[in-house]
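Residue numbers begin at 1 in each chain, while the letters A, B, ... track the order of the sequences. Only heavy atoms go into these numbers, but all of them, side chains included; no hydrogens, no water, no symmetry mates. This one's a predicted model, so the numbers in the text were calculated from it and none came from an experiment.
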Protein chains: 2
Amino acid sequence: MKKLDSSFKIIKQKLHEAGFKLTPQRELTVEVLLEKEKDHLSAEEIYLLVKSKNTGIGLATVYRTLEILTELQIINKLTFQDGIARYDLNMNSEKHQHHHLLCLKCGNIEEVKQDMLFEIEKEIERDYQFVVRDHRLTFHGLCRNCSNRQETEEG
Amino acid sequence: MKKLDSSFKIIKQKLHEAGFKLTPQRELTVEVLLEKEKDHLSAEEIYLLVKSKNTGIGLATVYRTLEILTELQIINKLTFQDGIARYDLNMNSEKHQHHHLLCLKCGNIEEVKQDMLFEIEKEIERDYQFVVRDHRLTFHGLCRNCSNRQETEEG
DNA sequence: CCTTAGCTGATAATGACTATCACAAAATAC
DNA sequence: GTATTTTGTGATAGTCATTATCAGCTAAGG
């Protein structure tokens, strides 16, 4: 687990630099985020996962930790159409986000690594005189599994 | 107000076709949406505007009406990062949404009429085997007014 | 050791939204 | 044309994610 270890170190360093203490609760929350970095967990889900690591963490502490991590841009807080906040590791500290593919059938969220929006951003900045800092792009549709299933059902 | 009148007619027609009654509450809600079509109102804001038209409408009725209008694709329900649903007239019944420019300073939401994502969607469908039905794209940044103000403050 | 600041957990409060329920209005049955 | 079912409404209670509060804990410095 070399990669997780180094990411963990970097995050702890960032917390320390910003003057926050490295409490066990915060370490465990970061640990869960690193272990589930492919998922897009809600605060509640993170809370349950941390609690399952035999610690009695409070829900409020999870929310506070996520707030700090968001401020430090270690994670991104994302809100899809259901209005529930989900959190997403932002390892490579890029200015720009990856995009998301939200399946309308199973609700799964997949990531798109490429950005592909530079040209469009340039157009926006020129045509609308709007200074772009970031963006959120989500495609709604059917994931591989669900679209296959749909075909066989319909056929 | 020719344009509003014809839009109004079309919407009433759609409601009728779908088997919904044209109650005064529903008409007034549509009226408000048409009058404020540039804005992106929350349910609460729509409620207050309808109430100010001297009717004692209930908040629940507004929510119910917005739900119906969303089902019929007359309006779009959008959730930005604050988690509050906002509603947006979808006059031209295009498959695809316009995009949004959310100002991080004043909170204003501007619209981008062009779509510009066809090429990217094709890439997504090919590379991720994901059937795209719709998308949501929001740019976060500074609107014209706020970026000008920022410059003079910093200069 | 004592004080202070930073953290935590339990829980109350908030705020957007949804469900419920009794009543009204309209459509349909008889 | 009245009875009955359906649809819609307003008030309000309930839900659920999130935030604020507050007493107690913990670590650090004097």
Side-chain angles (χ1 to χ4, degrees), chain A residues 11-12 14-32 40-72 75-88 107 109, chain B residues 11-12 14-32 40-72 74-88 107:
Chain A
I11 292 172
K12 288 203 282 191
K14 281 190 191 172
L15 277 169
H16 185 70
E17 277 170 13
F20 293 105
K21 288 183 189 164
L22 294 171
T23 65
Q25 291 88 339
R26 286 173 185 167
E27 290 208 17
L28 279 167
T29 304
V30 170
E31 210 179 294
V32 163
H40 294 74
L41 303 171
S42 67
E44 190 80 27
E45 287 165 343
I46 294 164
Y47 166 65
L48 292 173
L49 285 167
V50 174
K51 251 196 3 189
S52 74
K53 287 178 179 277
N54 74 28
T55 334
I57 194 172
L59 181 57
T61 303
V62 171
Y63 273 102
R64 280 184 293 238
T65 303
L66 292 172
E67 201 187 350
I68 291 169
L69 294 173
T70 303
E71 265 172 38
L72 298 180
I75 58 179
N76 297 309
K77 183 177 177 179
L78 299 171
T79 311
F80 297 101
Q81 292 309 111
D82 63 1
I84 298 172
R86 298 178 174 278
Y87 300 85
D88 191 350
I109 298 164
Chain B
I11 292 172
K12 288 202 283 190
K14 282 189 189 172
L15 276 169
H16 186 70
E17 278 169 12
F20 293 104
K21 290 178 190 166
L22 293 171
T23 65
Q25 291 89 338
R26 286 174 184 166
E27 291 209 17
L28 278 167
T29 304
V30 170
E31 208 178 294
V32 164
H40 294 74
L41 302 171
S42 66
E44 190 80 28
E45 287 165 343
I46 294 164
Y47 166 65
L48 291 173
L49 285 168
V50 175
K51 251 195 7 185
S52 75
K53 287 179 180 275
N54 75 26
T55 334
I57 194 171
L59 181 57
T61 302
V62 172
Y63 274 103
R64 281 184 293 238
T65 303
L66 292 172
E67 201 186 350
I68 291 169
L69 294 173
T70 303
E71 266 173 36
L72 298 181
I74 293 165
I75 58 179
N76 297 308
K77 183 178 177 178
L78 299 171
T79 311
F80 296 101
Q81 293 308 111
D82 62 1
I84 298 171
R86 296 177 177 279
Y87 300 86
D88 193 348

Per nearest nucleotide of DNA chain D, the residue lying toward the 5' end, A:Tyr87 or B:Thr55, is B:Thr55
Residues B:Leu66 and B:Thr29: closest non-hydrogen pair is CD2-CG2, 4.5 Å
Hits for side-chain contact (heavy atoms from CB on, under 4.5 Å) against A:Leu48, two or more places apart or cross-chain, chain-then-number order -> none
Between B:Ile84 and B:Ser42 the two heavy atoms that sit nearest each other are CG2-CB, 4.1 Å
Whole-Å distance, A:Leu41 CG to D:dA17 C1', equals 16 Å
When every non-hydrogen atom of A:Ala18 is compared with those of A:Leu72, the smallest separation belongs to CB-CD2, 3.6 Å
Smallest heavy-atom separation, A:Leu78 atom then B:Gln81 atom, equals CA-NE2, 3.6 Å
Closest non-hydrogen atoms of B:Gly58 and B:Tyr47, given as atom of the first, atom of the second and distance, are C-CE1, 3.7 Å
Rounded to whole Å, CD1 of A:Ile84 lies from P of D:dC16 at a distance of 10 Å
Rounding to 0.5 Å, atoms CD1 (B:Ile75) and CG (B:Leu69) come to a distance of 4.5 Å
Here the residues of residues 43-53 of chain B within 4.0 Å heavy-atom distance, strictly under, of DNA chain C are none
When rounded to whole Å, the CD1 to C1' distance for the pair B:Ile57 and C:dA24 reads 15 Å
By nearest-heavy-atom nucleotide on DNA chain C, the more 5' of B:Arg86 and A:Gly56 is A:Gly56
Contacts satisfying salt bridge (charged side-chain N to carboxylate O under 4.0 Å, His left out) that involve residues 45-69 of chain A (not counting sequence neighbours) are A:Glu31-A:Lys53, A:Glu35-A:Lys53, A:Glu45-A:Arg86
In terms of heavy-atom contacts, B:Tyr87 and B:Ile46 come closest through CD1-CD1, 4.2 Å
For A:Phe80, the ring pair (Phe, Tyr, Trp, His ring centres under 6.0 Å) test, sequence neighbours excluded, returns A:His100
Contact check, residues 58-67 of chain B vs DNA chain D, heavy-atom distance under 4.0 Å, returns B:Gly58, B:Ala60, B:Thr61, B:Arg64
Taken in chain and number order and not counting sequence neighbours, the residues that satisfy salt bridge (Lys or Arg N to Asp or Glu O under 4.0 Å) with B:Glu27 are B:Lys12
Under a 4.0 Å heavy-atom cutoff, the residues of residues 18-31 of chain B touching DNA chain D are B:Phe20, B:Lys21, B:Thr23, B:Gln25, B:Arg26
